[in-house]
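Atoms considered below: every heavy atom in the structure, side chains included; atoms not considered: hydrogens, waters and symmetry mates. Just so you know, ligand 1 is whichever comes first in the structure, and atom 1 is the first atom listed for that ligand.
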Amino acid sequence: MRVSQLLIPTLRETPAEAEVISHQLMYRAGFIRKTAAGVYTYLPLAHRVIQKISRIVREEMDAKGGQEIMLPIIQPAELWQESGRWAVYGDEMFRLKDRHQREFCLGPTHEEVVTDLVRGEVRSYKQLPLLLYQIQNKYRDERRPRFGLMRGREFIMKDLYSFDRDAANCKQSYAKMYDAYQRIFSRCGLSFRPVEADAGAIGGTGGTHEFMVLADSGEAGIVYCPQCDYAANVEKAECKPQVKAIDATPSAKELVATPGAKTIEAVTKFLHTEPECLIKTLIYRIDAKLVVVLVRGDREVNEIKLNNVFGAMTVELASAQEVNQLCKCETGYVGPVGLTEVEIVADAEVPLMVNAVCGANDNGYHFKGIKPGRDFTINQVVDLRTIEAGEPCPKCGEPLATARGIEVGQVFNLGTTYSEKLNAKVLGENGKEQTLYMGCYGIGVTRTMAAAIEQNYDQDGIKWPMPLAPFQVVIVPVNLKEQAVVDAAEKLYAELLKQRVEVLIDDRDERPGVKFKDADLVGYPLRVTIGAKTLQDGNVEVKFRATGQVEFVPVEAVVDFLQVQIAAQLASCGN
Ligand code: ATP
Ligand code: MG
């Protein structure tokens with residue numbers, strides 16, 4: 001293709017609303033344009049990257065026996081009512097009515113529709129395992145669509161659903177997909193890590209892993225063990241109580257004035273103590289009910305774990321007004337002592353505390369010398385906090401390290417969660433009907449494109465890994481007025497096309513500086529610069545975008561040189 005003909009509207013300015021680097025660069029490099037909040041148009045360069053990711057995904061799904069289908073985007077409410085998710089999916093679901101007032105949604109995911117297909121068409125265990133997948137737009141009315149393609153309201157997902165006769169076979173399907181995902185993200189040229197994860201709204205009981213592309217800008221926190229293979233999303237990572245050596249001789253409860261001290265920091269300073277000696281008391285509204293949540297003062301409440309304890313739809317901090325009604329004080333002086341009308345849940349470290357400090361439910365006062373169990377009753381003790389770097393690995397005990405990640409895929413062992421509700425059964429070997437075991441496996445194709453940029457860029461633009469690059473090579477003739485330069489460029493272009501190299505020629509009548517800037521911004525892995533000076537020596541200049549390295553290559557050798565480079569880079573990540 002010729003740059004003069006391609007729709008690559010590059011910009012020098014960064015759009016103000018683009019907060020993350022992938023969004024900024026995809027906008028500036030002419031990959032995407034916004035159509036509505038969280039809804040984007042993919043221009044030719046983006047479309048090519050999407051096709052490349054999709055091809056890798058297809059090959060790996062097919063290799064595991066996946067069969068590609070296309071399910072409808074418009075889904076009838078009845079199916080979602082059957083699974084019970086119509087009522088619980090909430091505002092994230094785009095809902096619509098047809099002219100007869102029948103209710104539908106735009107598919108945020110496809111467990112219901114695909115299970116409906118299978119229960120209607122598959123009769124016998126002999127037809128299993130069945131692995132059905134599609135690559136298609138998904139619709140989620142995200143509360144905060146942001147970060148460009150990272151969190152859109154319309155985005156492209158590959159979703160595969162596995163159907164098996166029993167739990168053991170389902171586990172095998174899960175293992176196949178886990179392996180396929182490792183291969184996919186390796187072949188994309190990305191640095192990633194699979195982590196244990198929380199099942200969230202999709203549910204299921206058999207376990208789940210997320211695949212995280214490692215990048216400092218990632219929304220997800222990860223802990224991993226440098227010694228063994230343990231890795232988990234911090235949402236999920238189980239915490240063991242860590243006992244801090246404090247004065248273990250219990251003293252009596254004592255009311256102390258702490259005027260103006262409303263934060264952990266202020267109380268700690270005022271009473272000359274440490275945050276780990278404080279009981280952090282938070283009032284949550286869990287669905288409609290107020291609940292008192294306790295963690296040590298140096299810890300953070302993990303709302304995902306809290307949600308799981310209650311199996312709740314919503315978990316939110318109570319308003320100042322609600323706190324005041326319950327505790328008769330400002331938020332900064334809240335504590336568990338005397339709160340007998342309300343459920344108190346505590347993190348597993350709290351009952352181990354002695355001589356702790358907590359709010360006295362009286363403005364300007366705290367208690368000292370508090371012993372949980374003696375001075376107040378805890379209704380439930382559970383792991384409620386978020387793990388921190390340096391805590392021992394739950395598998396081997398070595399100190400854990402932390403990293404940031406972008407969730408690009410997730411695999412779920414669903415068990416019979418959906419098939420039971422939707423009554424999806426087959427005849428088993430014994431001639432009796434048995435409920436299907438399911439798994440579901442998603443990859444965010446457009447998010448993977450964004451994640452690849454978050455991991456590979458510099459101040460000049462994108463540095464595409466070879467397997468995902470929209471074009472592998474760009475040829476830049478520096479001066480279109482020099483016939484020798486134009487001829488050499490056109491000749492090389494024709495030869496590379498013949499060799500099926502994905503090549504662009506920047507034939508625009510622009511200054512070389514403009515072409516170089518655009519080439520760096522778009523991020524083609526290899527740039528061939530052809531100028532009169534080097535041509536005199538019989539050379540062209542090849543620049544590697546990833547490293548900035550420059551080589552002069554004889555004109556007659558450059559086709560081979562480029563092909564060897566491309567093949568080596570593709571092979572290095574398993575292509
Ligand atoms: P998140 O926690 O980021 O909202 P999720 O866990 O709800 O995502 P899944 O239901 O597991 O997402 O969907 C499978 C994959 O689809 C995710 O791993 C992610 O790559 C992608 N994805 C999910 N939501 C979005 C979105 N709003 N925009 C782009 N990609 C998305
Ligand atoms: Mg997920």
For this session: With heavy atoms under 4.0 Å as the rule, classify the contact between Arg151 and ligand 1 as side chain, backbone, both or neither.
Result: both

Exercise. Would Ile406 count as a contact of ligand 1 if the rule is a heavy atom under 4.0 Å away?
Worked result: no

Problem set entry | Residue among Leu400, Thr402, Leu214 satisfying side chain to side chain contact (heavy atoms under 4.5 Å, CB included) with Ile222 | Leu214

Problem set entry | Structural part of Thr448 in contact with ligand 1, heavy atom criterion under 4.0 angstrom | neither

Exercise. Quick one: which ligand 1 atoms are inside 4.0 Å of a heavy atom on Gly409?
Worked result: 18 (O)

Exercise. Protein N, O or S atoms less than 2.8 Å from the Mg ion (ligand 2), ignoring waters?
Worked result: Glu407 OE2, Gln410 OE1

Exercise. With a 6.0 Å cut-off on ring centres, are Tyr178 and His209 close enough?
Worked result: yes

For this session: Please say whether more than 12 non-hydrogen atoms of neighbouring residues, nucleotides or ligands are located less than 6.0 Å from CZ in Arg183.
Result: no

Seminar exercise, completed: By side chain to side chain donor-acceptor pair (under 3.5 Å), Asp347 pairs with (sequence neighbours left out) none

Exercise. Should we say atom NZ of Lys236 is surrounded by more than 12 heavy atoms from elsewhere, each under 6.0 Å from it?
Worked result: no

Seminar exercise, completed: Sorted by chain and residue number, the side-chain contact (heavy atoms from CB on, under 4.5 Å) partners of Ala231 (sequence neighbours excluded) come out as Arg193, Val195, Tyr224

Problem set entry | Per-atom contacts of ligand 1 with Glu142, taking only distances under 4.0 Å to non-hydrogen atoms | 24 (N), 26 (C), 27 (N)

Seminar exercise, completed: Heavy-atom proximity to atom 2 (O) of ligand 1, picking from Glu407, Met150, Glu154, Met449, points to Glu407

For this session: Between Phe155, Phe147, Tyr139, Phe211, flag the one that comes closest to atom 30 (N) of ligand 1 by a heavy atom.
Result: Phe155

Problem set entry | Distance filter under 4.0 Å to Leu149 heavy atoms, resulting ligand 1 atoms | 29 (C)

For this session: State if Val408 counts as touching ligand 1 under the rule of any non-hydrogen atom under 4.0 Å.
Result: yes

For this session: For atom CZ of Arg12, decide whether the heavy atoms of other residues, nucleotides or ligands shown that lie under 6.0 angstrom number more than 12.
Result: yes

Problem set entry | Side chain proximity check, Arg545 to Asp460, heavy atoms < 4.5 angstrom | yes

Problem set entry | Residue selection (non-hydrogen contact nearest atom 12 (O) of ligand 1) among Gln410, Met157, Arg140 | Arg140

Problem set entry | Enclosure of Gln51 CD (heavy-atom neighbours >12, cutoff 6.0 Å) | yes

For this session: Could you tell me whether Gly152 and ligand 1 have an N or O pair separated by under 3.5 Å?
Result: yes

Exercise. Are Glu219 and ligand 1 in contact, using a heavy-atom cut-off of under 4.0 Å?
Worked result: no

Exercise. If you measure every N/O of Thr446 against every N/O of ligand 1, is any gap under 3.5 Å?
Worked result: no

Exercise. With sequence neighbours left out, which residue pairs that include part of residues 30-65 fulfil the ring-ring contact (aromatic ring centres under 6.0 Å, His included) condition?
Worked result: His23-Tyr40, Phe31-Trp464

Exercise. Hey, what's the ring geometry for Trp80 with Tyr89, parallel, tilted or perpendicular (30° and 60° as the breaks)?
Worked result: perpendicular

Exercise. Can you list the steps and then say if Thr14 with Gln24 is a side-chain hydrogen bond (donor to acceptor under 3.5 Å, both in side chains)?
Worked result: CA-CA 6 Å; Thr14 302; Gln24 293 169 2; 5.0 Å; no

Problem set entry | side-chain hydrogen bond (donor to acceptor under 3.5 Å, both in side chains) between Glu111 and Tyr418, worked out | CA-CA 7 Å; Glu111 285 80 13; Tyr418 289 87; 4.9 Å; no

Exercise. Has ligand 1 got any nitrogen or oxygen that is less than 3.5 angstrom from a nitrogen or oxygen of Gly444?
Worked result: yes

